[in-house]
Structures are given as C-alpha cells and as structure tokens.
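This report refers to the structure that appears directly beneath it.
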Amino acid sequence: MAKEGATQDEEVVLGEEIDHVRVITLNQPRKLNVISSRVVYLLAEYLERWEKDENAQLVIIKGTGRAFSAGGDLKMFYDGKKSKDSCLEVVYRMYWLCYHIHTYKKVQVALVHGISMGGGASLMVPMKFSVVTEKTVFATPEASIGFHTDCSFSYVLSHLPGRLGEYLALTGARLNGKELVTAGLATHFVPSEKLPEVEKHLMSLKSGEENAVRSAIDEFAVEVQLDEESILNKKALIDECFSKDTVADIIKSLESEASKEGNGWIGPVLKGLKRSSPTGLRMTLRSIREGRNQKLSECLRKEFRLTINTLRMVISEDVYEVKSVSTYST
C-alpha cells in the first residue's frame, strides 16, 4: 500500500494506491469534510495523475466521520470579501474539477455515508457509481443564502424529471438515500453496515471493468421502496407549482394549494422560500431553466460568471449577510 502526497493523518485529503485501485478519502471529519482550496488542489492532483496512470483502473472516493462532504467552506469566501477576487482561482479550479469528474475516463465509485451537500454532492452525483445508505443526506441549499445552485448542479438538476430540479434548487430540500436512487442522483442503495464490505469487495476485484464493478456493488445493494411521506410522491403537485414562470408565481401557486387536504408539507416549504434571499431564488430559477438547453461546459461557464459576480457583490450582497458562517456549497 502506497500513500501519495499524504503522509500525515491530518492531511485534508488522503490518496492511496492499492494494486489497480486508487482511493481518495476526504479527511476532515470535525469539519464535515468541507471543500477548501487545499481540498480542491489535492483532488485535482490525484484525479489527473491517476487518469494518466495505466495501472489505475478504479477510483473510489469516500469521507471520514459522519459526512461525505457538507460542501464549500463559506469562511474562505467571507475572509476574502475585502480582497478583490481572492477566491477566483479556487472557484475556477473547483468548476474545472467538476467538469473533469463528469468526463473522467476511468470508473469511479463514490461511497456516500452521511451528509452530502452542494459542492460535496458534486463529488458524488456524476460518478459512474454512487452508493448511498439510509444515513445519506443530500441537499443543494445555496439559494437560501443569496447564492445559486452551482458545481454543475444547474446542469444536473435541470435534467431531472419534471420540475424536481426547480424544487430541490429553490427549497434546498433534503433527500435521503432511497430518494436519491429513485430520483437518479445515485445508483445503489446499500445498508450502512454493509458499506465496509462493499469497499472490501471492490478492492478485491481483479480489474476496474465497469460491469465487474457494477456486479460487485449489486451483491450488497437492496431495492428501494419510497416511504409513504416521501416528497417524491408529490411529483404531480411539484410539477404544477414549480413550472410557473417566476418565483413569485411559484409561491402564489404553493399558497393556493397549501390549505388543501394532504398538503401539509407545503407550509414549511413556503416558510423556507419566504425567508430565503429573493435574489438567490431568482438567480437559481433562471440558471436551472437555462440549464435545460445548455451543455455541461456551458452550465459551468455560466455558474463561474454568476459566482464571481456574486462574490464581487455585482449581483447582490446577500451572500455576505448570512449571520452565521456555516458549511454550505459555494
């Protein structure tokens, strides 16, 4: 076993080379494996190197602790508020990394246990195989803080069935592991106690051939059945309300439905929308809608422009007015 570029346990990303398998471990459990400039640099370095390595056939990515990755470290952006374009390089690198993951030439498997939000989820969803558990929690909460759905999610969410993309992007609603598989945002559901066995089995494969990897995961995966109260069972109403032209019209449509029997779930949704940044909501809705007619590369270029102009406060200062600096994707 050889560790590359990570000789100390405190390194934020660990890289291992084991026979033909390469393993990336996000290694900041106390910080929920946030994505910092150092994380982006190391992820890009490992993935670039291994894509060119003829001996590397399978790449596995996982996180330590109770999170896969809770997304971008907002503190980095707050700290750079007064420095012109202090975060331009890391934003560019992150979006390039997103494109690289989507178009990677070798089989990748994400083992996603716990929180996977925003930019953290961009290290999961595009993988050839993404394995989730009953403890996996997904969300894209950027709009609520005056930002926009980024890290390729204006592309990913815009291609979900119906108006589910608008719903997830505007509300920041959370999906569990079963819902992720049903929505097509993950490929396999495996009970959490079996996840170490999945990893061990993948490590024992003789090759990283796609069908062999799929079969190995299938041995532990279980068929998902949505809980009765799952938001995915509300698809018809989501499609109706979130197809409206503007955020204001979406809210009016939800308000008209909220008092009807069986629609108690709408109340919290409305409350969340009304306390979110109006600019963030409008920016996100437009970005998702445009994403339906854009290529991945076009979505990422658009997201880059939106991000830089938001951080420059050209669009709005809302993102800097969040009172508590927490860990969300940026």
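The figures that follow rest on heavy atoms only: side chains count, while hydrogens, waters and symmetry mates do not. We're numbering straight along the sequence, starting at 1.
K128 places no side-chain N or O within donor-acceptor distance of the main-chain N or O of E210, the cut-off being under 3.5 Å. E16 places no side-chain N or O within donor-acceptor distance of the main-chain N or O of V23, the cut-off being under 3.5 Å. The closest donor-acceptor contact from the side chain of K178 to the backbone of D227 lies at 3.5 Å or more, if one exists at all. Judged by distance alone, with hydrogens and angles left aside, the side-chain atoms of S243 form a donor-acceptor pair with the main-chain N or O of D239 at under 3.5 Å. Remark: side-chain polar atoms of D19 are not paired, donor with acceptor, to backbone N or O of V21 under 3.5 angstrom. N309 contributes a side-chain N or O that, together with a main-chain N or O of R305, makes up a donor-acceptor pair within less than 3.5 Å. Under a 3.5 Å cut-off, the side chain of T284 and the backbone N or O of L281 do not form any donor-acceptor pair. A donor-acceptor contact shorter than 3.5 Å links the side chain of S144 to the backbone of P141.
Residue S130 comes nearest to A186 through the heavy atom pair OG-CA, 3.0 Å, listed as atom of the first residue, atom of the second, then distance. The two atoms that bring G172 and A139 nearest to each other are O-CB, 3.6 Å, heavy atoms only. Minimum interatomic distance between G119 and C151 (heavy atoms only, all atoms of both residues): CA-SG, 3.8 Å. Residues A183 and L164 share a closest heavy-atom pair of CB-CD2, 4.0 Å. Between N33 and L26 the shortest heavy-atom distance is OD1-O, 3.1 Å. Looking at every heavy atom in both residues, T64 comes nearest to T25 through CG2-CG2, 3.4 Å.
Residues satisfying the ring pair (Phe, Tyr, Trp, His ring centres under 6.0 Å) test with H100, not counting sequence neighbours, are W96, Y104. Remark: W265 engages no residue in a ring pair (Phe, Tyr, Trp, His ring centres under 6.0 Å) (not counting sequence neighbours). Residues passing the ring pair (Phe, Tyr, Trp, His ring centres under 6.0 Å) test with Y41: none are found, sequence neighbours excluded.
Taking the side chain as every heavy atom from C-beta outward, Q57 and E209 never approach each other to under 4.5 Å. Side-chain contact check for Y167 versus I231: some heavy-atom pair is nearer than 4.5 Å. By the 4.5 Å heavy-atom criterion applied to side chains, K234 and I266 are not counted as neighbours. Residues T310 and M283 form a side-chain contact, since some pair of their non-hydrogen atoms from C-beta on lies under 4.5 Å apart. Counting only heavy atoms from C-beta outward, the side chains of V112 and T133 never approach each other to under 4.5 Å. Counting only heavy atoms from C-beta outward, the side chains of L306 and D150 never approach each other to under 4.5 Å. Put simply, the side chain of I251 reaches to within 4.5 Å of the side chain of K274, judged on heavy atoms. Using a 4.5 Å heavy-atom cutoff, the side chains of S297 and R301 are in contact.
The aromatic rings of H201 and F220 lie perpendicular to each other, with more than 60° between the two planes, well past the 30° mark.
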Test side-chain contact (heavy atoms from CB on, under 4.5 Å) applied to S154 and T149, step by step: CA-CA 6 Å; S154 71; T149 304; 5.5 Å; no
I238 vs K235, side-chain contact (heavy atoms from CB on, under 4.5 Å): CA-CA, chis, key distance, verdict: CA-CA 5 Å; I238 286 174; K235 182 180 181 302; 5.6 Å; no
Report the C-alpha separation of Y46 and R22 in whole Å, then their side-chain angles, then the decisive distance to 0.1 Å, and conclude whether the side-chain contact (heavy atoms from CB on, under 4.5 Å) test is met. CA-CA 9 Å; Y46 287 131; R22 304 293 181 261; over 6 Å; no
Check the pair E303, L300 against side-chain contact (heavy atoms from CB on, under 4.5 Å), reporting the backbone distance first and the verdict last. CA-CA 5 Å; E303 292 172 7; L300 286 166; 3.6 Å; yes
Please assess S230 against N233 for the test side-chain hydrogen bond (donor to acceptor under 3.5 Å, both in side chains), listing each intermediate value before the final yes or no. CA-CA 6 Å; S230 171; N233 291 325; 4.8 Å; no
Where do R174 and E179 land on the salt bridge (charged side-chain N to carboxylate O under 4.0 Å, His left out) test, with the steps shown first? CA-CA 9 Å; R174 298 184 175 192; E179 291 169 327; over 6 Å; no
H102 vs S152, test: side-chain hydrogen bond (donor to acceptor under 3.5 Å, both in side chains). Steps then yes/no. CA-CA 9 Å; H102 274 273; S152 79; 2.9 Å; yes
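Counting heavy atoms of neighbouring residues, nucleotides and ligands inside a 6.0 Å radius, atom CZ of R292 exceeds 12 of them. For Y92, the OH atom sits in a loose shell: 12 or fewer heavy atoms of surrounding residues, nucleotides or ligands are nearer than 6.0 Å. When the shell of 6.0 Å around CD of Q225 is examined, it contains 12 or fewer heavy atoms from other residues, nucleotides or ligands. The environment of CZ in R214 is crowded: more than 12 heavy-atom neighbours from other residues, nucleotides or ligands sit within 6.0 Å.
Salt-bridge formation is not detected for the pair E298/K295: no Lys NZ or Arg NE/NH1/NH2 atom is positioned less than 4.0 Å from an Asp or Glu carboxylate oxygen.
Between the OG1 atom in T140 and the CG atom in L185 there is a gap of 9.0 Å [rounded to 0.5 Å]. The CZ atom of F242 lies 11.5 Å from the CZ atom of R163; values are rounded to the nearest 0.5 Å. Rounding to the nearest 0.5 Å gives a distance of 8.5 Å between OG1 of T187 and CG of D218. For the atom pair CE (M94) and OG (S37), the distance works out to 12.0 Å, reported to the nearest 0.5 Å. Note that CG of L273 and CZ of R275 are 9.5 Å apart. Values are rounded to the nearest 0.5 Å. Within the model, atoms CD1 of I250 and NZ of K244 stand 9.5 Å from one another, a figure rounded to the nearest 0.5 Å.
The side chain to side chain contact (heavy atoms under 4.5 Å, CB included) test with F68 singles out one residue from L123, T136, L32, and that residue is L123. When each of S122, C98, C299 is tested with F153 by the rule side chain to side chain contact (heavy atoms under 4.5 Å, CB included), just one qualifies, namely S122. Screening H113, E134, K135 against S192 for a side-chain hydrogen bond (donor to acceptor under 3.5 Å, both in side chains) leaves a single residue, E134.
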